[in-house]
Amino acid sequence: MDEKAARERYADLEWAQPDWLVQARAWIEQHARIAGELEQVHLRPWSTVLRVPTADGDLFFKAASISGTFEPALTVLLAERVPERTAEPVAVDLDRGWMLTRDAGTRLRELVQSAADLHHWASLLPAYADLQIELASEVEELLGLGVPDRRLSRVPGLLSTLLGDTEALMLDLPDGLTSEELARMRAETPAIEAICAQLAGLAIPETIQHDDFHDGNVFVRDGRHVFFDWGDSCVSHPFHTLVVTLRAVAMRFDLEPGGSELLGLRDAYLEPFGSFEQPEALREAFGLAYRIGTIGRALAWYDYVRESDPRFRSELADAVPYGLQRFLEHGPIGTWRWE
C-alpha cells in the first residue's frame, strides 16, 4: 500500500487527526527549530512518521502503537552502546512512545537493486552480528525497557498459548490454520521444546533481535550502515533475525533458499559468532534457529494483533497462522536442513 492510499485508508487514526498533529508539532518545537511544513511520510495502525525540515537537515519524528512504545528507550540505549549503527536520537518521550531522530541516510533498498548488489548485505550482516554480541550482556536492561521476552525457554509456553487460541489461528477460515495443520503443530511441540533446549545449551548468547531486518530498515550514511525501526524487536536467539532477512532477499530477487547467494549471506552473518562455537556447530544451530524463528514471527504477530486497533485487525490477522504454516511447510523437525 502506497502512502497516499494509506492516508485514505487510515484517515480515522488518532495520528491523522489535526489535534494530534498540533500536539506532535508543539513537542517537536521544544527540541528543534522547524523550517517548513511537517510531512506525514508514513501512516499505519502500528506507527506514524513525520518528516521535520530544519536548517541543518531533516529530522524524523516517530510515534508507535502499544506494542512498540519501548522503541524510544531502546534507541537511546543503542545510541549509547553502538552510536555508529543507530539513528541519532534528538529527543524522546518515553511515556508517549515518541522520538525525534536525525536523518539516517539512504535506504539500502535504493542501493541493492539486483543479486549482484548483495555484497552490501555481506558487509553489513557481520556489523549487525557484532551489535547483537555487544548487547548480549544487556539482556536484563533490555527487558526492563519493555523489549518483549521471546527467549528460547519461553517459546514452548508462548506457542502453547497461541495454539489454544483458535480465533487468532483463524482456524479453518480462508488463509487461516486448518484443523489438520493445528494437529501437526501440536504433534511437533515436544520436538520444538527439545530444539529450544538444544539451542539454549550452546554458547551462543541470547540478545537483542531486530525481527524485521530487511532493506527498508537499513540505511547508509557517511559510508556506514545504520539500523533503524526497532519497534518489532525482542530478546531471543540472535539467529532468528535471518528469518525475515533471508526471506526478504530471496523473494525480492527470486533466489532459492539454500542457494549460494543466501548461504554466503548466512556465513557472513555467522562469522562473528565464531568466538562462541565452531563453524559447523554454528551452521547446524542456524538451521534449527531458523525454523524456531518462524514460530517467533508468529508469536510477534500474535502480540501485535491482540493489541491492535479492532477496526483494522483483520488486515494483518493472517500473519499469525502464516508463520506457523511456514514452519510446517518444511515437514517435521529432523527431516529438513536449511542448506
Side-chain angles (χ1 to χ4, degrees), residues 15 23-24 27-32 38 40-44 46-52 54 56-108 124 127-150 206-222 224-236 238 240-241 244-245 300 303-304 307:
W15 295 325
Q23 293 176 30
W27 181 80
I28 294 168
E29 287 176 334
Q30 295 175 22
H31 307 285
L38 304 184
Q40 195 160 36
V41 296
H42 173 83
L43 178 64
R44 296 293 189 276
W46 54 86
S47 67
T48 190
V49 176
L50 306 177
R51 187 194 308 274
V52 182
T54 76
D56 297 322
D58 290 342
L59 304 177
F60 289 87
F61 167 90
K62 182 176 181 181
S65 63
I66 295 172
S67 60
T69 52
F70 63 84
E71 186 179 2
L74 174 58
T75 299
V76 170
L77 176 64
L78 291 171
E80 293 173 352
R81 302 295 192 274
V82 284
E84 71 281 5
R85 300 297 176 196
T86 310
E88 181 184 349
V90 175
V92 297
D93 185 322
L94 302 183
D95 293 331
R96 290 189 284 193
W98 292 1
M99 65 178 182
L100 188 65
T101 61
R102 299 197 185 281
D103 187 355
T106 302
R107 285 194 313 176
L108 188 68
L124 74 87
Y128 171 73
D130 286 338
L131 178 153
Q132 291 183 297
I133 293 168
E134 173 74 17
L135 271 291
S137 61
E138 309 283 352
V139 165
E140 293 305 319
E141 184 166 358
L142 292 167
L143 295 174
L145 297 179
V147 178
D149 185 355
R150 299 193 189 101
E206 294 184 287
T207 182
I208 192 69
Q209 198 268 97
H210 188 285
D211 217 31
D212 199 25
F213 200 62
H214 55 70
D215 58 9
N217 288 331
V218 178
F219 292 75
V220 179
R221 184 176 178 87
D222 300 329
R224 57 187 173 86
H225 293 103
V226 174
F227 311 136
F228 189 66
D229 195 6
W230 291 86
D232 288 314
S233 63
C234 62
V235 175
S236 73
H240 289 179
T241 284
V244 169
T245 305
D303 285 347
Y304 170 73
E307 297 174 356

Under 3.5 Å donor-acceptor, [X] side chain and [Y] backbone:
X	Y	result
Q40	W15	yes
R224	E84	yes
R85	H225	yes
R51	V41	no
S65	S47	no
D103	G57	no
Q209	S236	no

Practice problem: Return the orientation label for the Y128 and F213 ring planes: parallel under 30°, perpendicular over 60°, tilted otherwise. | Solution: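 Rings of Y128 and F213: parallel, under 30°.
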Self-check item: Least distance between heavy atoms, S233 atom then V147 atom
Solution: O-CG1, 4.0 Å
Exercise. For E134, enumerate each residue passing the side-chain hydrogen bond (donor to acceptor under 3.5 Å, both in side chains) test, keeping only those at least two apart in sequence or located in another chain.
Key: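 If we apply the side-chain hydrogen bond (donor to acceptor under 3.5 Å, both in side chains) test to E134, skipping adjacent residues, there are no hits.
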Quiz item: Salt bridge or not for K62 and D229, using N-O below 4.0 Å?
Solution: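 So K62 pairs with D229 through a salt bridge.
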Quiz prompt | By ring-ring contact (aromatic ring centres under 6.0 Å, His included) - contacts of H240 (at least two apart) | solution = H237
Practice problem: Could you pull out all residues at least two apart from F70 that satisfy ring-ring contact (aromatic ring centres under 6.0 Å, His included)? | Solution: none
Quiz item: When rounded to the nearest 0.5 angstrom, what is the spacing between CG in L50 and CG in L43?
Solution: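 Here the interatomic distance stands at 9.5 Å.
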Self-check item: Candidate pair E88 and R221, rule salt bridge (charged side-chain N to carboxylate O under 4.0 Å, His left out), full reasoning
Solution: CA-CA 12 Å; E88 181 184 349; R221 184 176 178 87; over 6 Å; no
